[in-house]
Amino acid sequence: MLRLDDLLEAVAAYNPDADFDLIKKAYVFAAKAHEGQKRRSGEPFLTHPLAAALLLAKMRLDVASIVAALLHDTVEDTGVTLEEVERLFGNEIRQLVDGVTKLGKIKFTTSEERQAENFRKMIMAMAQDIRVILIKLADRVHNMRTLDSMSETKQAEIAQESMDIYAPIANRLGIQEFKVEMEDLALKFLKPEFYRMIDEQVSERKEKREKYITSVKEMMTRAMRENSVPCEVTGRLKHYFSIHRKMESQNIPFDEVHDLIAFRILVDTLPQCYEALGIIHSLWRPIPGRFKDYIAMPKANNYQSLHTTVIGPEGERVEFQIRTREMHEIAEHGIAAHWKYKEGKLAGETKDEMKFRWIRRLLEWQSELKDPAEFLDTVKLDLFADDVYVFTPKGELKELPRGSTPIDFAYAVHTEVGNACVGARVNGKIVPLSYKLHSGDSVEILTRKDMRPNRDWLQFVKTSKAKAKVRQFLKLEEHTQSKQVGWELLEQACQKHGLSPTKLLKEPAVLKYAKENGFKEEESLLSAMGYGKILPEDLLGFVLPKGELKPKESVKETTLSRLARKIARRTLGQVKVSGVSDMLISFGKCCNPVPGDAITGYVTRGKGVSVHVHDCSKLLSTDPDRRIFVEWDASAPISRIAKIKVVCADRPGMLQAMTEAITSQGVNIAQATARTTEEHNAVNTFDVEITGVEQLRHVLKSLERVKGIISVERVRS
């Protein structure tokens, strides 16, 4: 069990002049505040803030961060006030505790608007004082370590939240130690069958692997000594999430994952990194395309290292990472390794500030993007992005997410360049606009004044800026068109009654109608009319005296129209539109929503409301004015078709085993397809009838338990 002395010893190891009395005072204060409180595991609650503080001490953080970590739950979980914290520990620590308390209240599983608002709070907190998120990350890592005592539902919720938000933030801050641990623990709780399988396979090969690591270390150390390069060589198994990701991305079973072992070589100076690289390549044959120089071209989070993969002893693929000890400290602890804190703000050299450009980008988006779904899509994109480095024709370096295209580059130069982009030259050659850029590419954008952004661009652009700007342009264009359509519809209706639409729109009754229906101006009223949200007859009926608006002539229903009505009404009752359950709706084929998914409606012209998953990319490219609140109708349970993709080993009996795994959950298979790959795997697609996402989750878990399964995923379209 952790003790205060463990924390004090850890701090003394890197800061012998620290204010130990302040740390002790905070420990005693937290102990009294949390007295009698227990964690779900049965341990005293105090073990949690103490563990979080120790994690920060291992990252060599300042005393204020250590103290704030000890106090971080006192305001939220006890009767302690922020004023009391400030009186006893000062304003700086109060601000840190306040920041962590606010982040502690963030729940990422709530509604879309709430989730977006919480994201905004987190971004603002990071921008104001980065130590707030470092304390929160330490808090989350320890919570993940002790997740076994929580319910299965809570485990899945917290693990998914860690994978979606906190691991990417740790990666962006360069804290690989936290990122790796959170990813592995998240895999354990989100995909327990896969985690268990990898763990069993790793354990079976433990003795052989340890012998191999010892052998390679001895060979490497001897070769480095002979060349007078002092070094430290360590070998380790790649972490479980990395193995799982490789199995999924390459559709291969565990036995075919060859580069499971990675070696790290730490040297004293930068030139020695390249000397070590030459020695490795003289011992073993390097694999083409697997060398990366992150020293000359550091990652966005300031990570520096040389990576190379070689055909090592016994024909095994082996990865080597070569870096100086200083680079290693930064790789493990990120910004905490070399940033100085002063008055609660980060201060550092200009070159170090590069790693915070992504936070500044997020700050820009949180102020520019008001639509919650679009904002969430944008920030998640920025959190997950790795980077490529490309050059303008003048040699200026541009940093873009991996997978970026010439259009992304164009928008990175300027919005007007992106809007007018018609083509691109990469390294002097014309390439498609969907071409994926590589580090070192020189990019020239070709423009034309009459060119406009194309909706198809949204299918392949990568950066949040490009996506946002294209959507912004398309929405503006669509909004303009809808106003024109609305004006034409109103004009036609007015002609029947001998009215002037211009004069009508200035009538006090019209202004009253607009206000009562939530339209702030004439333009938004016309736009809503063009979208079909309101009818010209409704407006005229409100304005004209009763009896002056002629009712529409009734049309006799034909056999064909009656049949069409019945077909159209098959979807009625499944979804409520703004609380009404008898509106015509259809489901987007682009995202295929099923009961339980978070959904949003889109008002179409003449086809009712189209229902999409709330973060559907097609939905995000539409005008927010045409979106409408919808919810599943619990009183009318239905079954929907969900598509599942399963990759497995190609061997007899697998199809039967998968079929049994699905039907054992009381689910009917509507359609199934299978094909084999060159890697001797089978890719299977099942269309299953399910009643909701909970049932789908049970089906996916059941499939994961089948021996020989490589990956299982829901396919949206």
Side-chain angles (χ1 to χ4, degrees), residues 52 55 103-104 106-110 112 114-116 118-119 122-123 126 133-134 136-199 238-249 299-301 334 358 362 375-386 401-403 464 596-598 613-615 645 693-694 696-697 700-701 703-704 710-716:
L55 283 169
L103 293 190
I106 290 180
K107 303 298 178 189
F108 291 98
T109 52
T110 53
E112 190 174 284
R114 181 71 176 162
Q115 189 179 16
N118 287 332
F119 256 129
M122 178 172 284
I123 291 162
M126 285 193 291
I133 198 64
L134 296 180
K136 184 61 186 174
L137 287 174
D139 167 65
R140 176 49 58 108
V141 168
H142 185 252
N143 278 333
M144 288 293 290
R145 287 178 180 177
T146 55
L147 207 54
D148 286 293
S149 56
M150 305 293 281
S151 68
E152 189 176 324
T153 302
K154 201 69 178 172
Q155 286 173 350
E157 179 186 316
I158 294 172
Q160 192 63 57
E161 188 177 281
S162 300
M163 185 68 82
D164 288 346
I165 309 299
Y166 292 107
I169 287 176
N171 181 51
R172 272 296 188 173
L173 294 174
I175 311 171
Q176 293 303 303
E177 196 172 22
F178 281 4
K179 169 188 175 281
V180 166
E181 185 170 0
M182 279 192 281
E183 286 178 341
D184 274 1
L185 290 170
L187 180 67
K188 177 182 177 181
F189 294 105
L190 291 174
K191 296 190 174 181
E193 301 300 330
F194 279 125
Y195 184 91
R196 197 175 299 117
M197 179 272 294
I198 293 172
D199 191 49
K238 287 192 173 180
H239 65 287
Y240 286 12
F241 180 75
S242 175
I243 295 170
H244 172 259
R245 185 170 53 194
K246 181 160 287 191
M247 290 171 64
E248 279 202 328
S249 63
K299 290 187 177 184
N301 58 18
W358 65 277
L362 293 184
F375 173 67
L376 289 174
D377 184 57
T378 299
V379 293
K380 286 180 180 178
L381 196 71
D382 261 28
L383 284 178
F384 278 104
D386 286 327
R402 192 169 302 280
S464 50
D597 281 333
V613 175
H614 75 95
D615 58 355
K645 178 184 172 185
V693 288
E694 188 63 24
L696 179 60
R697 189 168 68 86
L700 297 178
K701 282 200 169 187
L703 282 166
E704 287 175 2
I710 296 167
S711 67
V712 181
E713 63 178 318
R714 174 186 174 186
V715 181
R716 290 286 189 183

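All figures in this text were calculated on a predicted structure; none of them were measured in a lab.
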Shortest non-hydrogen contact between [X] and [Y], atoms and distance:
X      : Y      : answer
Ser162 : Arg140 : OG-NH1, 2.9 Å
Asn171 : Gln176 : OD1-NE2, 3.1 Å
Glu183 : Met163 : O-CE, 3.9 Å

Anything under 3.5 Å between a donor and an acceptor, one on a side chain of residues 186-195, the other on a protein residue two or more places apart or in another chain? List them.
unit_1, atom_1, unit_2, atom_2, d
Lys191, NZ, Glu248, OE2, 3.1
Glu193, OE1, Arg196, NH1, 3.0
Glu193, OE2, Arg196, NH1, 3.2

For [X], what residues pass the side-chain hydrogen bond (donor to acceptor under 3.5 Å, both in side chains) criterion, not counting sequence neighbours?
X      : answer
Glu704 : none
Arg697 : Glu694
Thr146 : Arg39
Lys645 : none

Legend entry - For Asp597, all residues meeting salt bridge (Lys or Arg N to Asp or Glu O under 4.0 Å), sequence neighbours excluded: Arg714, Arg716
Inset, instruction - State which residues pass salt bridge (Lys or Arg N to Asp or Glu O under 4.0 Å) with Arg145; sequence neighbours excluded, sorted by chain then number. - result: Glu181
Legend entry - Partners meeting side-chain contact (heavy atoms from CB on, under 4.5 Å) with Thr153 (sequence neighbours left out): Ser151
Inset, instruction - Identify, with sequence neighbours excluded, every residue that meets side-chain contact (heavy atoms from CB on, under 4.5 Å) alongside Ala52. - result: His72, Ala138
Legend entry - Step-by-step side chain to side chain contact (heavy atoms under 4.5 Å, CB included) determination, Ile158 to Asn143: CA-CA 9 Å; Ile158 294 172; Asn143 278 333; 5.5 Å; no
Inset, instruction - Measure the spacing between CG of Asp148 and CD of Gln155 and express it to the nearest 0.5 Å. - result: 6.5 Å
Inset, instruction - Supply the atom-to-atom distance Met247 CE to Ile710 CD1, rounded to the nearest 0.5 angstrom. - result: 6.5 Å
Legend entry - Side-chain heavy atoms of Glu157 within contact of Met150, under 4.5 Å: no
Inset, instruction - Determine whether Ile133 and Ile169 make a side-chain contact, defined as any pair of heavy atoms from C-beta on separated by less than 4.5 Å. - result: yes
Legend entry - Leu137/Leu55 under side chain to side chain contact (heavy atoms under 4.5 Å, CB included): CA gap, chis, key distance, verdict: CA-CA 10 Å; Leu137 287 174; Leu55 283 169; over 6 Å; no
Inset, instruction - Would you please classify the geometry between the Phe241 ring and the His239 ring as parallel, tilted or perpendicular, with 30° and 60° separating the classes? - result: parallel
Inset, instruction - Could you check Lys701 against Val712 for side chain to side chain contact (heavy atoms under 4.5 Å, CB included), going step by step and ending with a plain yes or no? - result: CA-CA 9 Å; Lys701 282 200 169 187; Val712 181; over 6 Å; no
